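Just so it is clear, the model here is predicted, and its values are computed rather than measured.
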Amino acid sequence: MKRIASIALASVAATAGLAMVGEGSANADPGFCGVKVQGPTRAQGSPLWSYTIRNKCGTNQRFKINFPAVGRSSSCKTVYAGGYTSYSSIVIDDAWYIANC
């Protein structure tokens, strides 16, 4: 009976240890670097729509904008660490999202 109890206790300790390791690594992960800032917006008289994004991470990243309503995407751009960039398109899509290149 002692052996079963010690095996059960070891299992619980190992599971708790794994949960703690998983929790720490998840907290260390900064997540996706691309953040929507503004868009779609259009300057008066312009036929183009503007979409602005920010790179919230500390390293340069390459992003593109996807337009699911029309099944298209923009070209890739490098966005410097902590920087912003805008994309211009004739497409207006409120469901636009950012993707890594």
Peer 1: Could you walk me through whether F67 and S73 pass side-chain contact (heavy atoms from CB on, under 4.5 Å), step by step?
Peer 2: CA-CA 6 Å; F67 304 104; S73 62; 5.5 Å; no
Peer 1: Can you list every ring pair (Phe, Tyr, Trp, His ring centres under 6.0 Å) pair that touches residues 72-101, not counting sequence neighbours?
Peer 2: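 Every ring pair (Phe, Tyr, Trp, His ring centres under 6.0 Å) pair that includes a residue of residues 72-101, provided the two are not neighbours, is Y51-W96.
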Peer 1: What distance do L48 atom CG and S89 atom OG have between them, rounded to the nearest 0.5 Å?
Peer 2: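 Between L48 CG and S89 OG, I get 7.5 Å after rounding to 0.5 Å.
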Peer 1: Which is it for V35 and I53 under the side-chain contact (heavy atoms from CB on, under 4.5 Å) test, yes or no, and what are the steps along the way?
Peer 2: CA-CA 6 Å; V35 178; I53 66 168; over 6 Å; no
Peer 1: Check whether any side-chain N or O of K77 sits under 3.5 Å from a backbone N or O of S86 as a donor-acceptor pair, and report yes or no.
Peer 2: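 Yes: the side chain of K77 pairs with the backbone of S86.
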Peer 1: Ignoring hydrogens and angles, tell me if any N or O in the side chain of N55 forms a donor-acceptor pair with the backbone of G83 under 3.5 Å.
Peer 2: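 No: the side chain of N55 does not pair with the backbone of G83.
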Peer 1: With a 4.5 Å cut-off on side-chain heavy atoms, are D93 and P40 touching?
Peer 2: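 When only atoms from C-beta onward are counted, D93 and P40 do not touch, as no gap falls below 4.5 Å.
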Peer 1: Rounded to the nearest 0.5 Å, how far does SG of C33 lie from CG of N100?
Peer 2: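 That separation rounds to 7.0 Å.
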Peer 1: With a 3.5 Å cut-off and no angle check, do the side chains of Q44 and S46 form a donor-acceptor pair?
Peer 2: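 On atom types as modelled, these side chains do not qualify, holding no pair under 3.5 Å.
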Peer 1: If hydrophobic clusters are built from ILVMFWY residues whose side chains come within less than 4.5 Å, do V37 and V79 share one?
Peer 2: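 Per the 4.5 Å side-chain linkage, V37 and V79 are not co-clustered.
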Peer 1: Using 0.5 Å steps for rounding, measure from the CZ atom of R54 to the CD atom of Q61.
Peer 2: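 The distance works out to 12.5 Å.
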Peer 1: Report the C-alpha distance between F63 and T85 in whole Å, list the side-chain angles of each, state the deciding distance to 0.1 Å, and finish with yes or no for side-chain contact (heavy atoms from CB on, under 4.5 Å).
Peer 2: CA-CA 10 Å; F63 297 117; T85 194; over 6 Å; no
Peer 1: Can you give me the closest heavy-atom contact between N60 and A81, atom names plus distance?
Peer 2: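 Nearest heavy atoms, N60 then A81: OD1-N, 3.1 Å.
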Peer 1: CZ of R62: more than 12 outside heavy atoms within 6.0 angstrom?
Peer 2: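 Count over threshold, so yes.
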Peer 1: Verify, without hydrogens or angle tests, whether S50 (side chain) and T41 (backbone) share a donor-acceptor contact under 3.5 angstrom.
Peer 2: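 No, because the side chain of S50 does not come within donor-acceptor range (under 3.5 Å) of the backbone of T41.
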Peer 1: State, to 0.1 Å, how close F32 and K56 come at their nearest heavy-atom pair, and which atoms those are.
Peer 2: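 Of all heavy-atom pairs spanning F32 and K56, the closest is O-CE, 2.8 Å.
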Peer 1: Would you name the heavy atoms of D94 and K36 that are closest together and state the gap between them?
Peer 2: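 Looking at all heavy atoms of both residues, the shortest contact is O-NZ, 4.1 Å.
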Peer 1: Looking at residues at least two apart in the chain, or sitting in another chain, which of them share a side chain to side chain contact (heavy atoms under 4.5 Å, CB included) with A99?
Peer 2: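 A99: side chain to side chain contact (heavy atoms under 4.5 Å, CB included) contacts with K64, N66.
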